[in-house]
Amino acid sequence: MILRGRCHVFGDQVDTDALAPGPYMRKPLPELASHCLEAVDPRFAREVQRGDIVVAGRGFGIGSSREQAVQALLHLGVAAVVATSFARIFYRNALNLGLPALACPALVVRAGDELEVRPQQGEIENLSQGTRFACEPIPAPLLAVVAAGGLMPWLEARLAARRGA
Amino acid sequence: MAGATLAEKILARASGQPRVRPGQIVTCAVDLLMMHDSGGPRRVAQRLAQLGARVWDPEKVVVVSDHFVPATDLDGAEILALTRRWAREQGVRHYDGVGICHVVLQEHGHVQPGMFCVGGDSHSPSGGAAGAYMVGVGATEVTGVLVTGEIWIKVPQTLRIDCAGRLGAGVSAKDVMLHLCARLGMNNDAFVVEYAGEAVAALSMSERLVLCNMAAELGAETGLVAPDATTLAALSEAGRPFAGDAGAWRSDDDARFDARVVVDAAALPPQVAAPHSPAHSDSVECAPRGVRIDQAYIGACTGAKLSDLRMAAAVLAGRKVAAGTRLLIAPASTAMTAQAAAEGTLATLTEAGAILLPTGCGACAGMGAGMLAAGETCIASTARNFKGRMGSAEAQVWLGSPYTVAASAVKGRIADPREFLA
Ligand code: SF4
């Protein structure tokens with residue numbers, strides 16, 4: 001898996017209420033997603049393009065367990081999230097839903113830089129600046145989930161194996 | 001060899017290992033799975049159907065409707081109807097609109113010492129008040145647990161927090177947590193937090209719930225309090241007395257804690273968190289005096305249990321809410337509302353001018369009554385004040401204990417509750 005995209009840069013502690021605001025939580029995903037991150041950057045949901053990459057600081061996704069925080073980003077076409085560190089539930093949710101999430105404390109970027117991300121290898125290349133960074137490894141159980149394409153396909157495979165046995 | 005921490009003991013038991021170590025990845029059998037109306041059946045029913053799978057053990061699943069309760073629009077009503085139908089079909093226990101999930105689990109004694117539990121909600125660490133290891137996950141992982149009865153966990157390091165001395169008058173578990181959020185920040189994901197010390201031993205189960213609940217705000221894996229006589233009494237009272245050996249569920253005397261923090265509980269003043277983060281906390285004495293309060297909100301699992309209503313009543317007795325300020329109170333369960341009514345606590349609140357709201361998550365997550373308009377300022381007894389959570393992204397939300405919220409409602413600006421309790 002190789003992902004290439006333009007990055008949008010955010011600060012520390014981007015929370016799940018910013019990603020999936022409560023007042024829209026009972027609404028269908030497209031409506032919810034149109035408010036994604038508006039409390040931090042009102043233009044983001046309008047301007048983000050399919051394949052873009054979100055880059056952020058520490059504690060990305062802190063707060064609620066709501067998976068809509070991940071699904072809103074997926075709906076908007078975000079291909080990966082790279083952060084200094086992640087909140088624990090968001091990190092699991094992202095990889096379970098097939099949104100690559102990579103912790104890369106060393107990453108140096110400017111907004112709009114072109115990045116190439118290789119989740120399984122744990123590598124990021126900043127194509128605009130000609131620099132390369134190593135990410136923290138993804139825990140083995142989640143790597144298996146990523147390889148299967150998410151937790152649902154992983155569960156399907158596991159159930160099929162059980163039925164076959 | 002050093003002894004084991006409480007968290008390590010529970011994870012070892014749940015994963016069938018003699019011993020586990022921080023950093024190790026283990027697969028744990030789940031003793032209890034909780035989900036609510038927002039992240040539960042609405043999000044997992046279709047997935048289970050798609051997998052053609054059934055609930056691994058209906059006896060171990062509890063559903064609580066609280067987020068959209070009572071329905072305020074058609075979307076919410078449909079979500080609640082779906083939740084009801086699914087729980088009936090699957091034959092799982094369903095608490096339908098009788099309280100907020102974490103409080104309901106505790107009230108009914110579902111979480112027991114030494115258990116390994118999973119909840120489809122980020123404040124699931126609340127279960128740690130009973131000496132159980134309870135983690136929050138998202139709806140896809142809830143589906144995984146429903147199918148397999150298992151989940152993987154990376155054994156965390158243990159951060160031990162010793163609260164020395166007793167909390168002063170007008171100071172509560174909420175103040176301890178706001179203080180810790182400011183002191184330790186919100187990125188403690190490598191840790192499980194174990195609370196101990198004289199102040200913790202003196203706290204009720206409701207107050208211990210706050211300590212564990214807000215481990216989520218520390219960004220920790222979960223929070224824990226070792227079971228003691230208070231725990232066992234509460235479980236007996238809930239009608240589910242603990243049958244095991246509670247003494248087995250404590251950190252060994254020679255356990256190695258990866259980090260230790262001491263809180264001088266006796267000297268801790270009431271805390272308030274400035275917008276838009278619990279980590280922006282400081283002593284109420286340092287809060288700006290001029291901030292006008294439009295809405296004071298006593299609600300949520302963190303801040304509207306019977307003990308919280310009593311804290312508010314202690315401040316409000318014989319007083320009135322300030323003109324231009326509204327005080328909203330949404331009790332955390334219907335049983336607690338009944339108790340507060342029977343003992344007179346509720347009358348004290350309503351005589352002060354409080355507006356009584358239905359039981360449920362309400363405005364805490366911006367889903368029910370009590371949302372904020374742009375430009376408004378609120379002080380709330382909830383756990384988090386992220387931008388836009390309670391309504392408009394242009395609203396300002398402060399956090400405080402129920403004492404502090406009540407005192408601020410009386411003054412119409414942020415106030416130190418100790419002036420009212422002397
Ligand atoms: S009251 Fe608030 S914090 Fe508690 S479960 Fe409901 S939404 Fe979450």
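Computed from heavy atoms alone, side chains included, the values below leave out hydrogens, waters and symmetry copies. Predicted model, so just to flag it, every value in this text is computed and none were measured.
His75(A) and Gln68(A) share no donor-acceptor pair across their side chains, judged by distance under 3.5 Å alone.
Using a 4.5 Å cut-off between heavy atoms, Gln13(A) touches chain B through its side chain atoms alone. Both the backbone and the side chain of Arg26(A) come within contact range of chain B, with heavy atoms under 4.5 Å apart. With a 4.5 angstrom heavy-atom cutoff, Ala87(A) does not touch chain B via any of its atoms. With a 4.5 Å cut-off on non-hydrogen atoms, Leu97(A) touches chain B through its side chain but not through its backbone. For a residue to count as touching a neighbouring chain, one of its non-hydrogen atoms must lie under 4.5 Å from one of that chain's; by this rule Ile62(A) touches chain B with backbone and side chain alike.
Taking the charged nitrogens against the carboxylate oxygens, Glu123(A) and Arg118(A) do have a contact shorter than 4.0 Å, which makes a salt bridge.
Aromatic rings from Phe10(A) and Phe60(A) are positioned such that their centres are separated by 6.0 Å or more.
The side-chain contact (heavy atoms from CB on, under 4.5 Å) check on Glu376(B) picks up Asp294(B), Arg326(B), Leu372(B), Ala373(B), with sequence neighbours excluded.
When the candidates Gly388(B), Gly39(B), Gly136(B) are compared by the number of heavy-atom contacts under 4.5 Å with chain A, Gly136(B) comes out ahead. The candidate from Glu78(B), Arg47(B), His276(B), Glu141(B) with the greatest count of non-hydrogen atom pairs under 4.5 Å with chain A is Glu141(B). With chain B as the partner, the residue from Gly59(A), Pro141(A), Gly22(A) showing the most heavy-atom pairs under 4.5 Å is Pro141(A).
In this structure, Tyr133(B) and Phe116(B) have parallel ring planes: the angle between them is below the 30° cut-off, well short of the 60° mark.
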